[in-house]
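Reminder, nothing fancy here: chain letters follow the sequence lines and each chain counts from 1. Just the heavy atoms: all of them, side chains too, but no hydrogens, waters or symmetry mates, feed the values below.
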Protein chains: 2
Amino acid sequence: MAEVKSKYIALAPKTFEIADRLHSAAIHMLRRVRRQDALTGEGPARLSALSVLVFAGPRTLKELAAAEQVKPPTMSRIVAGLRRSRLVEIERDVRDARLMRIYATARGVRLIKRGRQRRIEYLAVHLNALTRGELAKLGAAAQILEKILHDSQ
Amino acid sequence: MAEVKSKYIALAPKTFEIADRLHSAAIHMLRRVRRQDALTGEGPARLSALSVLVFAGPRTLKELAAAEQVKPPTMSRIVAGLRRSRLVEIERDVRDARLMRIYATARGVRLIKRGRQRRIEYLAVHLNALTRGELAKLGAAAQILEKILHDSQ
DNA sequence: CCAAATTAGTTAGCATAGCTAACTATATTG
DNA sequence: CAATATAGTTAGCTATGCTAACTAATTTGG
């Protein structure tokens, strides 16, 4: 791996090295796991948006766009695709007719849960080769990352 | 997070839970870090392919396609884009005129190194809030993941 | 109360990124 | 040397990202 120097002189080289390795490991892990998604027959943007609806509940288009960090026109087409595949349904808000209420259908929920199952199972099968201690270390790391991600917004 | 059951009864629930949390943390971490890439002015497929050329050296189109897990026609266009941006150059193999030798230009190397610097620095700044012990745990986790990814091909 | 401004979402049009099928050009093989 | 195999490209489809410009609905200010 290459050297990384910084303008932030307060940061220890060790911190950079760990950031680098964590970054690389995350990229390679997700690349593997993502191969499982082909079986769903839907593209990554749709799966990701649908996943928000399944695990966080119904959302408006704008909220969904914000959650997925894309612009409204992009989300508009993603939702149209999900609707064509009967994975979501849309209702107009009674209070404010400009707002959409987008929610996952039972079919959408099933698709996401199966996809998620495949991803997690794939990972778990590989983690199964580890010792108890190693597994505990991964658990600790996940917790630390969750904390950072949560704190830093 | 949702329940995940498995047909692999030999896998402990704890393993699933950790796989799940690791998966989620990796997704959110990379989503953050990726925002830095907009500054390069190149798309993700180009950055990723160029990164292979910079860190692993020149490759043929087929090799690059395999490394990026895409089909040759896809890589053909990615390389064409990189070439237009003067980030790579192409030579024909002397022994076998069918083969391309694709390599990063100095400009390509600079672009990737700066982009990488931004990503790693962003992460490192956030890791900097951690204690020595927490940092060490993340380092240990990265190492364990590298091992699994390497061993399982 | 209604005109102006704001907000939610869509449409149009562009670029990138993925695919398969069908092509060209070069090497290899029988 | 003809047939086959291999490397890469081209054409044409879908999906996913953007901005600019639009429609429709709501809110606000005079």
Side-chain angles (χ1 to χ4, degrees), chain A residues 27 30-31 34-53 58-85 87-103 111 115, chain B residues 27 30-31 34-53 58-85 87-103 111 115:
Chain A
I27 286 174
L30 289 184
R31 187 173 282 194
R34 213 166 276 143
R35 294 198 283 223
Q36 305 299 314
D37 292 350
L39 298 168
T40 63
E42 298 288 330
R46 288 185 194 168
L47 288 178
S48 188
L50 182 54
S51 175
V52 170
L53 296 176
R59 290 289 185 273
T60 66
L61 190 137
K62 202 190 174 195
E63 288 167 345
L64 203 47
E68 290 297 277
Q69 296 183 49
V70 300
K71 303 294 172 183
T74 298
M75 189 49 71
S76 186
R77 274 188 313 184
I78 291 170
V79 168
L82 288 171
R83 195 157 166 277
R84 270 200 307 280
S85 303
L87 299 169
V88 303
E89 279 180 8
I90 294 166
E91 280 173 7
R92 285 289 166 174
D93 190 294
V94 186
R95 310 286 187 122
D96 186 339
R98 291 172 305 181
L99 301 180
M100 295 177 131
R101 207 91 212 132
I102 308 166
Y103 57 92
L111 183 129
Chain B
I27 286 174
L30 289 185
R31 187 173 282 194
R34 211 166 278 141
R35 294 199 284 224
Q36 305 299 315
D37 292 350
L39 298 168
T40 63
E42 298 288 331
R46 289 185 194 168
L47 287 178
S48 188
L50 182 54
S51 176
V52 170
L53 296 177
R59 290 288 184 272
T60 66
L61 190 137
K62 202 189 174 195
E63 287 167 345
L64 203 47
E68 291 297 276
Q69 298 183 48
V70 300
K71 302 296 172 183
T74 298
M75 189 49 71
S76 186
R77 274 190 312 187
I78 291 171
V79 168
L82 289 171
R83 195 157 167 277
R84 270 200 307 281
S85 303
L87 298 170
V88 303
E89 279 180 7
I90 294 165
E91 280 173 7
R92 284 288 165 174
D93 191 294
V94 186
R95 310 285 186 123
D96 185 340
R98 290 172 305 180
L99 301 180
M100 297 177 129
R101 207 88 212 135
I102 308 166
Y103 56 92
L111 183 128

Does a side-chain N-to-carboxylate-O contact under 4.0 Å join A:Glu68 and A:Arg46?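 Salt bridge between A:Glu68 and A:Arg46, a charged N being under 4.0 Å from a carboxylate O: no.
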Roughly how many Å is it from [atom1] in [X] to [atom2] in [N], rounded to a whole number?
{"X": "B:Arg98", "N": "D:dA5", "atom1": "CZ", "atom2": "P", "value": "13 Å"}
{"X": "B:Ile78", "N": "D:dT16", "atom1": "CD1", "atom2": "P", "value": "17 Å"}
{"X": "A:Leu82", "N": "C:dG9", "atom1": "CG", "atom2": "C1'", "value": "16 Å"}
{"X": "A:Arg101", "N": "C:dA8", "atom1": "CZ", "atom2": "P", "value": "13 Å"}
{"X": "A:Leu64", "N": "C:dA8", "atom1": "CG", "atom2": "C1'", "value": "14 Å"}

The side chain of A:Thr74 lies closest to which of these nucleotides: D:dT9, C:dA25, D:dC18?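 Of the candidates, D:dC18 comes closest.
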B:Leu50 versus B:Ile78: any side-chain heavy-atom pair under 4.5 Å?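 No, side chains not in contact.
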Less than 4.5 Å apart, any side-chain heavy atom of B:Arg59 and any of B:Ile102?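 Not in contact.
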Heavy atoms under 4.0 Å, any strand shown: does B:Arg77 hit a base, just sugar-phosphate, or nothing?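 Answer is base: heavy atoms of B:Arg77 come under 4.0 Å of a base.
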So B:Met100, base contact, sugar-phosphate only, or nothing? Heavy-atom distance under 4.0 Å.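 Sugar-phosphate contact only.
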When you check the phosphate oxygens OP1 and OP2 of C:dA8, does a side-chain N or O of A:Lys62 lie under 4.0 Å from one of them?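 Result: yes.
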Return no unless some side-chain N or O of A:Ser76 is found under 4.0 Å from OP1 or OP2 of C:dG9.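 So the side chain of A:Ser76 is outside the cut-off, no N or O lying under 4.0 Å from OP1 or OP2 of C:dG9.
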I'd like to know if the side chain of B:Arg101 and the backbone of B:Thr60 have a donor-acceptor N/O pair within less than 3.5 Å.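 No: the side chain of B:Arg101 does not pair with the backbone of B:Thr60.
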